[in-house]
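Structure first, then comments.
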Number of protein chains: 2
Amino acid sequence: MTKAGKTVLIVDDEAPIREMIAVALEMAGYECLEAANVQEAHAQIIDRKPDMILLDWMLPGTSGVEFARRLKREDRTAELPIIMLTAKGEEDNKVQGLEAGADDYITKPFSPRELVARLKAVLRRSTPQGIEEPIEVSGLMLDPVCHRVTAHGDPIDIGPTEYRLLQFFMTHQERAYSRAQLLDQVWGGNVYVEERTVDVHIRRLRKALGESHEQLIQTVRGTGYRFSTKAS
Amino acid sequence: MTKAGKTVLIVDDEAPIREMIAVALEMAGYECLEAANVQEAHAQIIDRKPDMILLDWMLPGTSGVEFARRLKREDRTAELPIIMLTAKGEEDNKVQGLEAGADDYITKPFSPRELVARLKAVLRRSTPQGIEEPIEVSGLMLDPVCHRVTAHGDPIDIGPTEYRLLQFFMTHQERAYSRAQLLDQVWGGNVYVEERTVDVHIRRLRKALGESHEQLIQTVRGTGYRFSTKAS
DNA sequence: TCCTATTGTGACATTTGCGTGACGAGCCTT
DNA sequence: AAGGCTCGTCACGCAAATGTCACAATAGGA
């Protein structure tokens, strides 16, 4: 489920180090941004909206700690996970770093493997999914927490894509969506697939729902599809 | 928000430090026990049953690491969360500490705020529910007190990790968990392990459960796993 | 009614995700 | 030191899931 690889912003004043880290992370499937100082970092954050920040302790101008503190203070960036990088021998500052709002702390030199591992752990913690209530429509129930679909209590077996499709429909009832919109919302923006693929998945979903509920997914000829309890 | 304040055992040979920590924790609503050495600590654990342990790295006689390892080995105390305390400059030993079974690790000097924060985090993920009643699901029984699993009365032999995994599943039925979530909940947040490792342990657990019960652990394609009595 | 644009449907090759056995490292007991 | 145990990782293979196509079915306008 490699949605889109998460984006990591690397802030360090030494280009070779940035590069090294970037290579390691890209091999692990992350997208990397780089910044040599606080100004660049700030621009990147606003512009590219990374999912987390690798922040060197020592920076020209504003120090890393200060920058971290600033980010945590701003609403817009308060939730951004930060991992502080520090050279060995600066361990005194660990407490400061963590208090400033860093989510983890790693000492140079470090192995790429360790870096990636910590990164994963931090990302894992900081991305809780929204509160998800079961949705029920005329006997058809989708429970996001259990990741399960049932019709009058009986489990229905569908693939991941059909699940996402159904979830989208059930949270957006009564409205017609074009194939392009569905691809955007269910498949995710930057994927190239034929629009007719939507038809196939609609079919699979209808089949899985069975005669009792397939009517909920209505064809809007010339436009797309709609999920509705009312007959068309 | 939860029941009564948790009890924390502070193990350190320097009385002033114990005192300082105790004051900080009591202000945060915890009850504190103190021990200057391993013998005292052991007595306190048996006698007062603390909910977690703050363990200094350096101790007269048996070292903190060794003590931690011993606690993790004994069934009776294996689940007790431990936070190791260490003076600055001993960071090399961090890995040793964590591997010995410590759930977290904190370097002196530290701020009371940091200590309390880590303590909360560790407690949160180690004992969501305090007293441990046996859990039984369709003939499969897990008894936390005896640290034993039986299927229709016949004992099942599984390793510690599989035990924790099963315990987590049985206390969190029906809900689907991603591999990342399982790593967090079962392995502990500060451990860096491949996600696929979860698969392997799932397999080992299923195998141990046998045909009669392996169906309880269901694969949720593209998402993770789920423990449920209902068929998928 | 016929025609055409649009959608339904089954089949197919490819991709992806998971199950599985094996292996080596570390720890504990002997 | 040796042997057993548990653990994390890897590589391989299978099966589900996916995207695409070709063709059938359908609707709606002329």
Side-chain angles (χ1 to χ4, degrees), chain A residues 1-3 28-29 111 113-114 116-117 120-121 147 156-166 176-180 182-183 186-188 191-209 211 214-215 217-226 232, chain B residues 65-66 68-75 78 95-101 147 156-166 176-180 182-183 186-188 191-209 211 214-215 217-226 232:
Chain A
M1 71 149 189
T2 34
K3 314 168 185 181
S111 71
R113 204 172 143 269
E114 186 186 1
V116 171
K120 260 191 214 164
H147 204 277
I156 289 180
D157 188 37
I158 56 178
T161 304
E162 284 77 38
Y163 179 88
R164 271 180 285 124
L165 189 56
L166 180 60
Y177 292 92
S178 71
R179 293 172 176 75
L182 289 172
L183 282 179
V186 178
W187 272 254
V191 282
Y192 168 66
V193 278
E194 294 292 326
E195 292 204 337
R196 290 302 313 275
T197 299
V198 175
D199 295 10
V200 179
H201 281 277
I202 290 281
R203 157 111 200 334
R204 287 171 180 157
L205 181 52
R206 279 175 173 157
K207 195 172 184 180
L209 293 183
E211 290 183 12
E214 67 181 0
Q215 63 205 1
I217 299 173
Q218 299 163 359
T219 304
V220 184
R221 200 172 175 82
T223 304
Y225 297 94
R226 170 180 52 206
S232 61
Chain B
V65 205
E66 236 176 284
R69 193 172 287 134
R70 218 166 74 198
L71 289 176
K72 286 298 171 182
R73 217 166 30 225
E74 282 182 39
D75 278 356
V95 178
Q96 270 186 59
L98 288 178
E99 284 191 343
H147 206 272
I156 288 181
D157 186 39
I158 55 178
T161 305
E162 282 78 38
Y163 178 87
R164 270 180 287 125
L165 189 55
L166 180 60
Y177 292 94
S178 69
R179 292 169 176 75
L182 290 173
L183 283 179
V186 178
W187 273 254
V191 113
Y192 310 120
V193 168
E194 293 292 323
E195 293 204 339
R196 287 295 253 108
T197 299
V198 174
D199 295 5
V200 179
H201 283 276
I202 290 280
R203 158 118 195 338
R204 287 171 180 157
L205 182 52
R206 276 176 175 157
K207 197 172 186 180
L209 293 182
E211 288 185 14
E214 67 180 0
Q215 62 201 357
I217 299 174
Q218 299 167 357
T219 303
V220 184
R221 278 236 160 207
T223 301
Y225 298 94
R226 169 178 52 206
S232 66

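Naming convention: chains lettered A, B, ... in sequence-line order (proteins, then strands); numbering from 1 in each chain.
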Report task. Determine the sole option in A:R196, A:R203, A:H201 for which the side chain to side chain donor-acceptor pair (under 3.5 Å) test with A:D199 is passed. Result -> A:R196
Gap between atoms [atom1] and [atom2], on [X] and [N] respectively (whole Å):
X: A:L165; N: D:dT18; atom1: CG; atom2: C1'; result: 13 Å
X: A:R221; N: D:dT26; atom1: CZ; atom2: C1'; result: 6 Å
X: A:L205; N: C:dT7; atom1: CG; atom2: C1'; result: 16 Å
X: B:D199; N: D:dC14; atom1: CG; atom2: P; result: 18 Å
X: A:D157; N: D:dA15; atom1: CG; atom2: C1'; result: 13 Å
X: A:Y225; N: C:dT7; atom1: OH; atom2: P; result: 6 Å
X: A:E214; N: C:dT9; atom1: CD; atom2: P; result: 8 Å
X: B:L183; N: D:dG8; atom1: CG; atom2: P; result: 9 Å

Compare side-chain N and O positions of [X] against OP1 and OP2 of [N] and report whether any pair is under 4.0 Å apart.
X: A:T161; N: D:dA17; value: no
X: B:W187; N: D:dC7; value: no
X: A:R179; N: C:dT7; value: yes
X: B:T219; N: C:dC18; value: no

Requested in this report: Determine the contact category for B:T197: base if any of its heavy atoms lies under 4.0 Å from a base atom, sugar-phosphate if only primed atoms, P, OP1 or OP2 are that close, otherwise nothing.
Outcome: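 Here B:T197 touches the bases of the nucleic acid.
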Report task. For A:Y163, answer base if it contacts any base atom (sugar-phosphate contacts may also be present), sugar-phosphate if it contacts only those atoms, and nothing otherwise; contact means non-hydrogen atoms under 4.0 Å. Result -> nothing
Query raised in the report: Between B:H201 and A:E162, who's closer to the 5' end of DNA chain D by nearest nucleotide?
Result: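 Nearest nucleotide further toward 5': that of B:H201.
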**Report entry** Whichever of A:R203 and B:K207 has its nearest DNA chain C nucleotide further upstream toward 5'
**Finding:**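 Whichever sits nearer the 5' end wins; that is A:R203.
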**Report entry** First of B:I202 and A:T223 reached from the 5' end of DNA chain C, by closest nucleotide
**Finding:** A:T223
Report summary line: A:R164 has its side chain closest, among C:dG19, C:dG8, D:dT18, to D:dT18
Query raised in the report: Of all the choices, D:dC10, D:dT20, C:dG19, which nucleotide is nearest to the side chain of A:E194 once you look at every atom?
Result: D:dT20
Query raised in the report: Tell me, do A:V191 and A:L183 make a side-chain contact under 4.5 Å, heavy atoms counted?
Result: no
Requested in this report: Say whether, by atom type as modelled, one donor and one acceptor occur between the side chain of B:R206 and the main chain of B:I217 under 3.5 angstrom.
Outcome: yes
Requested in this report: State whether the side chain of B:R164 and the backbone N or O of B:V186 hold a donor-acceptor pair below 3.5 Å, judged by distance alone.
Outcome: yes
Query raised in the report: Is a donor-acceptor contact shorter than 3.5 angstrom present between the side chain of A:R196 and the base of C:dG8?
Result: yes
Report task. Indicate, yes or no, whether a donor-acceptor pair under 3.5 Å links the base of D:dG19 to the side chain of A:R204. Result -> yes
Report summary line: Heavy atoms of B:V220 and B:A176 approach each other most closely as CG2-CB, 4.2 Å
Query - Nearest heavy-atom neighbours spanning B:R226 and A:H147 - result: NH1-O, 3.3 Å
